[in-house]
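Note that the structure is predicted; figures quoted are calculated from it, not measured.
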Amino acid sequence: ATRIEHRAEQRREARGRPATVQVAGEPAEHAIFTELMRKGGLWIIRTFTMFLAILLAAGALAGERDSGALHTLTSKPLARWHLLLGKWLGLNAILLLYLAVLGCVLTAILRLRTGEVNEQVFYGAVSSLMFGALFSTLTLAFSTCVSAWLAAALGLLSWLVGSQEYGIVRMIAHGLSQSEHTREAAQTLFGISRWCGLIVPSGRVALWIDKISGRLDLDDFARGAPFL
């Protein structure tokens, strides 16, 4: 990152642009790469949390049912919803510990880069538990009636459906809306993307997490000249 910043600074000087553009008290290139590291790190944490939640939840009940251990548990005077609640709490406790560790690592990396501790980054990482809880709940529900592999596949399918609220379907709809001849099709796709978000609100949860984690103030920089 430092080498890229140095090259960007040299290009600015070669084009006759000032080399002292500041964003939040830092050189523009340094600030931009710091923000990319923050957003990229949180995206990686959120994505791995989703995969881990699906992986753990898929075999939580299906694996025990296939091995016969679940029949032993259900034969005891224990309500089935108690069993499901215990599984759900255990899965999300594991995810919370995982997120706390990764949040500390990302916060430490950004501390080395900026010289300051940004608590919002840690809060954003820990709040990714909402993302994990969403998919652990869905996949755990699937695993009550199907095999572990099918439950995992349905969990991934749920993620694919939910991501279309702000994903490929919405991007295609935006492209079609630019032409009068395809605006009706664009409205249909916009409606599909909204329904996807209502069925599996992963996109909205991701936006909440991003809001909690905060962002670098790039508004002043965005109103100026491009930094390259």
**Message:** I need the Thr107 OG1 to Leu102 CG distance, nearest 0.5 Å.
**Reply:** 10.5 Å
Looking only at heavy atoms, which two atoms of [X] and [Y] are closest? And how far apart?
X	Y	value
Phe122	Ala100	CE1-O, 3.6 Å
Ala186	Ala173	CB-O, 3.4 Å
Ile45	Leu106	CD1-CD2, 4.0 Å
Ala53	Leu95	CB-CD1, 3.8 Å

**Asked** By salt bridge (Lys or Arg N to Asp or Glu O under 4.0 Å), which residues pair with Arg183, not counting sequence neighbours?
**Response** none
Counting only heavy atoms not in [X] (residues, nucleotides, ligands), do more than 12 fall under 6.0 Å from its [atom1]?
X	atom1	value
Leu207	CG	yes
Tyr123	OH	no
Phe48	CZ	no

**Message:** Quick check on the hydrophobic clustering: are Leu91 and Leu97 connected, directly or via other members, by side-chain heavy-atom contacts under 4.5 Å?
**Reply:** no
In a table with atom names and distances, give each donor-acceptor pair under 3.5 Å that connects a side chain of residues 155-163 to protein atoms at least two apart or in another chain.
{"residue": "Ser158", "atom": "OG", "partner": "Leu154", "partner atom": "O", "Å": "2.9"}
{"residue": "Ser163", "atom": "OG", "partner": "Trp159", "partner atom": "O", "Å": "3.2"}
{"residue": "Ser163", "atom": "OG", "partner": "Leu160", "partner atom": "O", "Å": "2.9"}

Output yes when a side-chain donor or acceptor of [X] lies under 3.5 Å from a complementary backbone atom of [Y], and no otherwise.
X	Y	answer
Thr182	Leu176	yes
Ser143	Leu140	yes
Thr144	Ala141	yes

Report, one line per pair, each donor and acceptor closer than 3.5 Å where one atom sits in a side chain of residues 194-206; sequence neighbours left out.
{"residue": "Arg204", "atom": "NE", "partner": "Glu165", "partner atom": "OE2", "Å": "2.8"}
{"residue": "Arg204", "atom": "NH2", "partner": "Glu165", "partner atom": "OE2", "Å": "3.2"}

